[in-house]
Engineer: 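Provided herewith is a single structure, encoded as structure tokens, for subsequent inquiry.
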Amino acid sequence: MFDNILIWFVVIPVIMMIGLGICRNKNIDAIRAVMVVGSTALLALSIVLCLVFLALRKGGDTSEMLFMGSWMWYAPLNIHLAVGVDGISVLMLLLSAIIVFAGTFASWKIDPLPKNFFLWFCLLSTGVFGFFISIDMFTMFMFYEVALIPMYLLIGVWGTGRKEYSAMKLTLMLMGGSAFLMLGLLGIYWHSTPEGMEKTWNILEIAQYANIEHGWQNFLFCLTFVGFGVLGAMFPFHTWSPDGHASAPTAVSMLHAGVLMKLGGYGCFRIAIYLLPQAANELAWIFIILTGISIVYGAFSACVQTDLKYINAYSSVSHCGMVLFALLMLNTTAMTGGILQMLSHGLMTALFFALIGMIYGRTHTRDVRQMGGLMRIMPYLAVCYMIAGFASLGLPGLSGFVAEMTIFFGSFQDSDIFHRIFVIAATTAIVITAVYILRVVGKLLLGPVQDDHHLKLTDASWFERLATVSLIVCIAGIGLFPNWINETIQESFAPIVNAIQGAATPGI
């Protein structure tokens, strides 16, 4: 088992938790050392995986999944610890490792109980990495739940504001989505296998059988898409997201918005769309309406907020709605844009939340009306905030532009009036985003200083600079060199698009 590189994405966070458990509560240097070594190892492992994966693809390996392994876990239900990755999974692992690395340094001075905080943070990371490497539905669902459970304590104990309310609301709504999801996965398990064959949870085997009846497909598609869509902040199940983001500590907001919400989009195409393609063709229009509302509603809501975290939280609702919107277009170009948006939003929203936490730690306020002139007080943080804002509004040369243009170009390929109307409506979010980003940048960074006490504040420390630079480099890297990422994603979508087209063709 341990000769499979993917297993180490789960093993390393577990080792980190053991190391933290050995550390004394007051030995902050040892706690930080465990986190730095572990997060650096995860980042290095993800980079190595990415390079080896690209080399194998270039060498002619066209297998749907690489680095596959399967070990029996529970024989009566044929549950396996089955792992494997395609290009999309590799990119999601790389994104997760980058944000865990940056989040470690963003939480350098977390207080109180830093040891306990990082223990729960590592458990959350374990769930995220395990989810992206799993190709067994039950194992994937198990890691999904492992990623959700720590959120309650991370927000409820280390959060700010109405943290208990926000933590409970988030937990109840996401567990409600999990209930829908579990029913959907059980339905797929029971109805996917041809008569006389052993039932399986393996995603690749279920896709190969293509045995689920039409009526069951429609029902199960609604259950699984809603189940994952709740985590993706799909309207009207998005209300947990702004409160959860606003109350969460900095690193948790980074991992939550940057990676955890991406589990929703990843699950939607990996399970709902791929395994239920006929239902996806027939029912996509319903969810296009809901995700279209998410895009516009989230952008308009961000415009009227005065709290920096709420602005970014509603912006996340809009951008994550764009991910699901693109996936529901069911063509390669739009879906590729959706994955690019997952990567782009993950990096820029992690940067936003990191900067907001750093600014709040100095000014002790997130109210835009009480701040101003930060460019002259803390120029480094101000410039980083401007870069994050420009990426969010789609400035060419940064990741947001590449992702959004790919989404809208691919979405406009559908020639019917329904799709065209919703694509045009979704593009208005670009203008709305520019409004609230430029308003905040102008007031927060370039306006007059509102509080004389802010003149005494300091700029970013070394560990804050390390966290922000790592994210900015990745944002610029995607914007300037998107081709290899685009090709990697499109290769991975080929089996899914083929299944969708096959289900849409009469007689196939």
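The model shown is predicted, which means the values in this text are computed figures rather than measured ones.
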Engineer: Evaluate L174 against E145 for side chain to side chain contact (heavy atoms under 4.5 Å, CB included), listing each step before the verdict.
Structural biologist: CA-CA 9 Å; L174 294 185; E145 292 299 303; over 6 Å; no
Engineer: Determine which pairs satisfy ring pair (Phe, Tyr, Trp, His ring centres under 6.0 Å) with at least one residue from residues 87-118, sequence neighbours left out, and list them in order.
Structural biologist: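 Qualifying pairs: F101-F105, F105-W108, W108-W462, W108-F463, F117-W158.
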Engineer: So, the side chain of T291 versus the backbone of I288: is there a donor-acceptor pair under 3.5 Å, distance only?
Structural biologist: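 At least one qualifying donor-acceptor pair exists.
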Engineer: Once rounded to the nearest 0.5 Å, what's the spacing between atom CZ of F53 and atom OG of S46?
Structural biologist: 14.0 Å
Engineer: So, the side chain of R366 versus the backbone of I356: is there a donor-acceptor pair under 3.5 Å, distance only?
Structural biologist: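 No, the answer is negative, given that no donor and acceptor are paired below the 3.5 Å cut-off.
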Engineer: For the residue pair T171 and M151, establish whether any side-chain heavy-atom pair is separated by less than 4.5 Å.
Structural biologist: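 With C-beta onward as the side chain, the pair stays apart.
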Engineer: Before accepting this row, confirm whether a basic side-chain N of the pair D307/K309 lies closer than 4.0 Å to the acidic partner's carboxylate O.
Structural biologist: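 Looking at D307 and K309, the cut-off is not met.
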Engineer: Give a yes or no on whether the backbone of L444 and the side-chain of Y385 come within a donor-acceptor separation of less than 3.5 Å.
Structural biologist: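 Side chain of Y385 to backbone of L444, a donor-acceptor pair under 3.5 Å: no, none is there.
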Engineer: Under 4.5 Å between any side-chain heavy atoms of S392 and T433, yes or no?
Structural biologist: yes
Engineer: Taking T126 for the side chain and V10 for the main chain, is one N or O donor matched with an acceptor at less than 3.5 Å?
Structural biologist: no
Engineer: Run the side chain to side chain contact (heavy atoms under 4.5 Å, CB included) check on L66 and V52 step by step: do they pass?
Structural biologist: CA-CA 10 Å; L66 300 184; V52 174; over 6 Å; no
Engineer: Kindly state whether the ring of Y74 and the ring of F138 have centres lying under 6.0 angstrom apart.
Structural biologist: no
Engineer: Hey, could you give me the CD1/CZ distance between I430 and F401, rounded to the nearest 0.5 Å?
Structural biologist: 9.0 Å
Engineer: So L93 and L45, do their side chains get closer than 4.5 Å, heavy atoms only?
Structural biologist: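 Side chain of L45 against side chain of L93, heavy atoms only: no contact under 4.5 Å found.
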Engineer: List the atom of W8, the atom of P13, and the distance in Å for their closest heavy-atom pair.
Structural biologist: O-CD, 4.2 Å
Engineer: Side-chain contact, heavy-atom cut-off 4.5 Å: W73 with H80?
Structural biologist: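 A side-chain contact is absent here, since even the closest heavy-atom pair is not under 4.5 Å.
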Engineer: Over 60° means perpendicular and under 30° means parallel, so classify the ring planes of F228 and F131, tilted if in between.
Structural biologist: perpendicular
Engineer: Which heavy atom in G372 sits nearest to a heavy atom in I377, and how many Å separate them?
Structural biologist: O-CD1, 4.3 Å
Engineer: What do the steps show when you test I339 against F493 for side chain to side chain contact (heavy atoms under 4.5 Å, CB included), and what is the final call?
Structural biologist: CA-CA 10 Å; I339 302 302; F493 265 130; 3.4 Å; yes
Engineer: With sequence neighbours excluded, tell me which residues meet ring pair (Phe, Tyr, Trp, His ring centres under 6.0 Å) with Y310.
Structural biologist: none
Engineer: Does the side chain of M342 reach to within under 4.5 Å of the side chain of I88, using non-hydrogen atoms?
Structural biologist: no
Engineer: Taking all heavy atoms of I155 and all of A248, pick out the closest pair and write down the distance.
Structural biologist: CG1-CB, 3.8 Å
Engineer: To the nearest 0.5 angstrom, please state how far the CZ atom of F141 sits from the OG atom of S178.
Structural biologist: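 The CZ atom of F141 sits 5.0 Å away from the OG atom of S178.
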Engineer: So which atom in M65 and which in I135 form the shortest heavy-atom distance, rounded to 0.1 Å?
Structural biologist: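 That closest heavy-atom pairing would be CE-CG2, 4.0 Å.
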Engineer: Kindly say whether D459 contributes a backbone atom to a donor-acceptor pair with the side chain of R362 at under 3.5 angstrom?
Structural biologist: yes
Engineer: Rounded to the nearest 0.5 Å, what separation is found between the CG atom of N312 and the CG atom of L308?
Structural biologist: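 So the CG of N312 and the CG of L308 are separated by 9.0 Å.
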Engineer: Compare all side-chain heavy atoms of W120 with those of L113 and state whether any distance is below 4.5 angstrom.
Structural biologist: no
Engineer: Between F269 and Y266, does the ring centre distance come in under 6.0 Å?
Structural biologist: yes
Engineer: Would you name the heavy atoms of M261 and S241 that are closest together and state the gap between them?
Structural biologist: CE-OG, 3.9 Å
Engineer: Which is it for V83 and F67 under the side chain to side chain contact (heavy atoms under 4.5 Å, CB included) test, yes or no, and what are the steps along the way?
Structural biologist: CA-CA 8 Å; V83 299; F67 307 105; over 6 Å; no
Engineer: What do you reckon, are the aromatic ring centroids of F353 and H256 less than 6.0 Å apart?
Structural biologist: no
Engineer: Taking the six-membered ring where the residue is Trp, are the ring centres of F237 and F180 under 6.0 Å apart?
Structural biologist: no
Engineer: Will you find, in the side chains of T160 and Y360, an N or O donor that is under 3.5 Å from an N or O acceptor?
Structural biologist: no
Engineer: Check whether K262 reaches the backbone of H345 with its side chain - one donor and one acceptor, N or O, closer than 3.5 Å.
Structural biologist: no
Engineer: Got M358 and T250 here, is their nearest side-chain heavy-atom distance under 4.5 Å?
Structural biologist: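 No, too far: nothing below the 4.5 Å cut-off.
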Engineer: What pair of heavy atoms forms the shortest contact from V402 to T406, and how long is it?
Structural biologist: O-OG1, 2.7 Å
Engineer: Yes or no on ring pair (Phe, Tyr, Trp, His ring centres under 6.0 Å) for F287 and F325, after CA distance, side-chain angles and deciding distance?
Structural biologist: CA-CA 8 Å; F287 296 98; F325 183 84; over 10 Å; no
Engineer: Could you tell me whether the side chain of R369 and the main chain of T306 form a donor-acceptor pair under 3.5 Å?
Structural biologist: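 Checking the backbone N and O of T306 against the side chain of R369, no donor-acceptor pair under 3.5 Å is found.
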Engineer: How far does CD1 of I359 sit from CG of L445, to the nearest 0.5 angstrom?
Structural biologist: 7.0 Å
Engineer: Using the ring of each side chain (for Trp, its six-membered ring), is H245 parallel, tilted or perpendicular to W240, with breaks at 30° and 60°?
Structural biologist: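 Taking W240 first and then H245, their aromatic rings sit tilted (interplane angle of 30° to 60°).
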Engineer: Side-chain contact, heavy-atom cut-off 4.5 Å: K115 with I28?
Structural biologist: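 A side-chain contact is absent here, since even the closest heavy-atom pair is not under 4.5 Å.
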Engineer: Atom CG of L457 and atom NE2 of H364: how far apart are they, to the nearest 0.5 Å?
Structural biologist: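 Between atom CG of L457 and atom NE2 of H364 there are 8.0 Å.
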Engineer: With a 3.5 Å distance limit and no angle check, can you tell me whether S294 reaches the backbone of V317 through a side-chain donor-acceptor pair?
Structural biologist: no
Engineer: Check whether D136 reaches the backbone of A82 with its side chain - one donor and one acceptor, N or O, closer than 3.5 Å.
Structural biologist: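 Pair absent, no side-chain N/O of D136 close to backbone of A82.
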Engineer: Between H319 (side chain only) and S315 (backbone N and O only), is there a donor and an acceptor less than 3.5 Å apart?
Structural biologist: yes
